[in-house]
Protein chains: 2
Amino acid sequence: MATIGDVAKAAGVSRSTVSYALSGNRPISRETRDRIDAAITQLGFTVNAGARALATSQTMVLGLLLQFHDDEFPPAMLQYILAVSDAARELGYDILMVTDTDGPGAIRRITSSNRVDGVVLLDVTHDDPRLDALRAARQPGALVGLPGDTAGLDVFDLDFEASARLLVDHLHGLGHREIVVVSPPRHVFERGGAYAWRFRDAAVERAAGYGIRVHCHHGESQQPAIERSLNAILDERREATALIVHNDASIAALPGVLRERGTVVPRDLSVVSLYSRDFGRTFLLPYTAVETSPDGLGREAVQHLVRRIAEPDYAPSVVGLIEPKLSDRGSTA
Amino acid sequence: MATIGDVAKAAGVSRSTVSYALSGNRPISRETRDRIDAAITQLGFTVNAGARALATSQTMVLGLLLQFHDDEFPPAMLQYILAVSDAARELGYDILMVTDTDGPGAIRRITSSNRVDGVVLLDVTHDDPRLDALRAARQPGALVGLPGDTAGLDVFDLDFEASARLLVDHLHGLGHREIVVVSPPRHVFERGGAYAWRFRDAAVERAAGYGIRVHCHHGESQQPAIERSLNAILDERREATALIVHNDASIAALPGVLRERGTVVPRDLSVVSLYSRDFGRTFLLPYTAVETSPDGLGREAVQHLVRRIAEPDYAPSVVGLIEPKLSDRGSTA
DNA sequence: CTGAAAGCGCTTACAG
DNA sequence: CTGAAAGCGCTTACAG
């Protein structure tokens with residue numbers, strides 16, 4: 001394995017000159033640069049990342065903290081992972097992906113050992129136990145998901161309250177007077193998935209303002225309970241003319257359920273939801289929906305994090321709530 | 001940030017003694033050990049991973065190379081990712097996840113810079129361009145997916161040929177004489193997804209031995225094409241009494257399609273497939289199937305890789321084809 | 001435009 | 001049982 005010393009010897013220069021040629025941090029004469037380049041390609045030299053990290057205190061690695069919960073739906077999680085990874089790479093960073101059950105411990109482990117320059121937390125909950133560990137770390141972090149206390153943290157999420165209002169407004173504009181909201185499973189609320197109640201409560205409040213009746217239910221996360229619960233809800237709420245589904249697993253299963261029941265959308269029932277375009281193509285989801293863009297969220301988190309790494313005080317902590325956009329697919333009447 | 005020198009000073013010993021206390025590589029007296037432990041907790045010391053890596057030439061990081069193709073189904077990929085990550089962690093390794101479009105380049109980048117001690121390649125194809133880069137690397141690798149040339153590589157995969165035979169035997173035993181095989185999308189074959197033709201060809205051959213007629217078709221990877229193609233296949237092959245579905249996207253969509261057609265399984269049609277238990281629960285899949293266990297595969301790849309890192313020559317290269325197991329869910333008659 | 005040297009934070013023979 | 005020292009492969013003031 002060739003080192004910078006080997007290159008220096010082969011090129012007949014000092015190690016520092018090779019280093020500067022590599023970094024471009026000082027002018028190098030045409031000829032020496034050529035000799036160094038030749039030596040590098042001839043020896044197949046690559047900088048040792050660990051040694052460089054030790055010398056510069058920069059690892060060029062970002063930690064990605066995630067944990068897969070049983071009540072989540074795999075496709076959405078993968079979209080976030082890929083978005084974060086791709087965005088990081090474009091900025092020159094690699095991703096250390098950590099899936100420990102012990103989130104705070106994992107943060108401590110990778111930050112205190114200086115394995116990473118910053119961390120991205122996925123799926124942040126209201127009282128996320130990882131946040132104390134993050135605040136105690138030398139490295140900055142970026143969250144995807146809104147915690148109760150955002151002090152000192154860079155946070156990114158869809159604006160679920162605005163999303164709820166947008167969907168309720170849409171249904172109200174079409175004259176609906178009685179609607180059903182299918183929220184994430186109860187367990188998501190219990191473990192502090194704030195997006196769940198932020199959406200639901202905002203929907204309820206907005207509907208109340210219009211005098212619309214709202215019935216709130218929970219979806220399930222595993223088959224066959226998903227279909228069973230949807231059927232039970234639809235049986236119980238026959239008067240409702242519209243359905244707002246805020247749950248990936250439920251919306252993915254909905255087409256099958258409605259087909260079985262002989263319910264035609266939007267003739268018999270209007271349906272709106274929240275999901276990404278890709279998600280809608282993986283499944284067969286022809287519903288008017290708020291576009292969730294995990295891609296955009298992941299990118300934004302990474303970009304801010306990298307900025308924060310470079311300039312810790314470039315701005316006070318930012319809370320970026322992405323404004324919802326409606327994709328009208330004609331599933332409402 | 002406390003260093004090993006700070007700990008040494010606080011404990012009144014030399015840096016080497018602290019280092020040995022940390023590694024346990026030589027006996028330390030009771031008292032000095034206690035003083036060192038006290039200093040460590042008081043200073044909140046953690047070993048700098050980069051410095052240790054530089055000194056030991058061990059990063060305790062494994063590269064995970066993956067690339068998400070449009071013709072893949074997200075849930076399965078996530079299962080592999082989590083399995084590899086969890087298995088690595090249990091063995092003391094972290095995961096550097098790399099999703100570059102340029103796979104060979106990514107391998108070169110992380111291996112030649114000594115960022116990792118070994119790499120796991122997911123989704124290996126027949127002529128995988130990453131293999132040359134892997135063979136040229138200092139670090140060993142473990143593949144998930146069977147390439148055409150396995151020389152010098154540790155490879156793990158489900159035995160798709162045995163799986164095909166198992167399913168055909170099962171159907172033959174029940175008296176089926178005309179069956180349909182739904183393979184992965186055409187594009188998977190074109191990019192060298194060997195599992196696709198290994199399964200199909202073995203099924204065809206086995207069926208021929210029994211005098212069973214087989215009709216081979218391709219599934220699709222994106223809705224609404226998935227449903228459309230399934231309907232087209234079922235329309236065209238009304239004489240067939242059994243369906244073998246070797247494609248995640250198609251099997252996930254099948255229940256809806258059959259419901260719509262009023263086809264009852266197994267009364268009107270027998271159905272068998274290949275998928276993992278978790279996958280069957282995410283969707284509503286009540287079909288007799290070969291258990292694919294991405295979990296087990298991921299673990300095995302990691303375990304062998306770690307073994308290979310520790311003892312490069314502990315064995316000649318291994319090709320581990322996992323024997324298929326059938327989960328009978330009563331979808332055949 | 002270039003070099004010699006110190007330093008990043010560890011580990012590990014070598015000596016006692 | 002413990003310490004002084006060299007070395008891992010880089011970067012970067014400091015000097016010329």
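Below, read A as the first sequence line, B as the second, and so on, with proteins coming before strands; counting in each chain starts at 1.
The side chain of B:F45 lies closest to C:dC10, out of C:dC1, C:dC10, D:dG3. The side chain of B:T56 approaches C:dT11 more closely than any other nucleotide in the set C:dT11, D:dT12, C:dG9. With distances taken from any side-chain atom of B:S29 to the nucleotides C:dC8, C:dC1, D:dC1, the minimum falls on D:dC1.
Atom OH of A:Y20 and atom C1' of D:dA15 are 12 Å apart (whole Å). The nearest whole Å value for the distance from the CE atom in B:M60 to the P atom in C:dC10 is 17 Å. The distance from atom CD of A:Q58 to atom C1' of D:dC10 is 14 Å, rounded to the nearest whole Å. Between the CG atom of B:N25 and the P atom of C:dC10 there is a distance of 16 Å, rounded to whole Å. Residue A:I28 contributes atom CD1, which lies 8 Å from atom P of C:dC1 at whole-angstrom precision. The nearest whole Å value for the distance from the NZ atom in B:K9 to the P atom in C:dC10 is 13 Å. One can place CD1 of B:I40 at 14 Å from C1' of C:dG9, the figure rounded to the nearest angstrom. As rounded to whole Å, 17 Å separates atom P of C:dT2 from atom CZ of A:R15.
Nucleotide D:dA4: unpaired (no Watson-Crick or G-U wobble partner with both distances less than 3.5 Å). In this structure C:dA13 sits in no base pair that meets the Watson-Crick or G-U test at under 3.5 Å.
Of the charged side-chain nitrogens involved, at least one lies within less than 4.0 Å of a carboxylate oxygen, so that B:D149 and B:R135 count as a salt-bridged pair.
Judged by distance alone, with hydrogens and angles left aside, A:R26 brings a side-chain donor or acceptor within reach of the base of C:dG3, the pair sitting under 3.5 Å.
The side-chain heavy atoms of B:F45 and B:D6, taken from C-beta on, include no pair separated by under 4.5 Å.
Both B:V13 and B:A55 sit near DNA chain D, but only B:V13 has its closest nucleotide nearer the 5' end. Both B:I4 and A:G12 sit near DNA chain C, but only A:G12 has its closest nucleotide nearer the 5' end. Nearer the 5' end of DNA chain D, as judged by each residue's closest nucleotide, is the contact made by B:S16, out of A:G5 and B:S16.
Residue A:T32 has a polar side-chain atom (N or O) positioned under 4.0 Å from OP1 or OP2 of C:dT2. Residue A:T3 has no polar side-chain atom (N or O) positioned under 4.0 Å from OP1 or OP2 of D:dG9.
Across all strands shown, B:T46 has heavy atoms under 4.0 Å from sugar-phosphate atoms exclusively, and none from any base.
Side-chain polar atoms of A:D86 and B:T99 form a donor-acceptor pair below 3.5 angstrom.
Across all non-hydrogen atoms, the minimal contact from B:A51 to A:L54 is CB-CD1, 3.8 Å.
Counting heavy-atom neighbours within 6.0 Å of B:E311 CD, excluding the residue itself, gives a total above 12.
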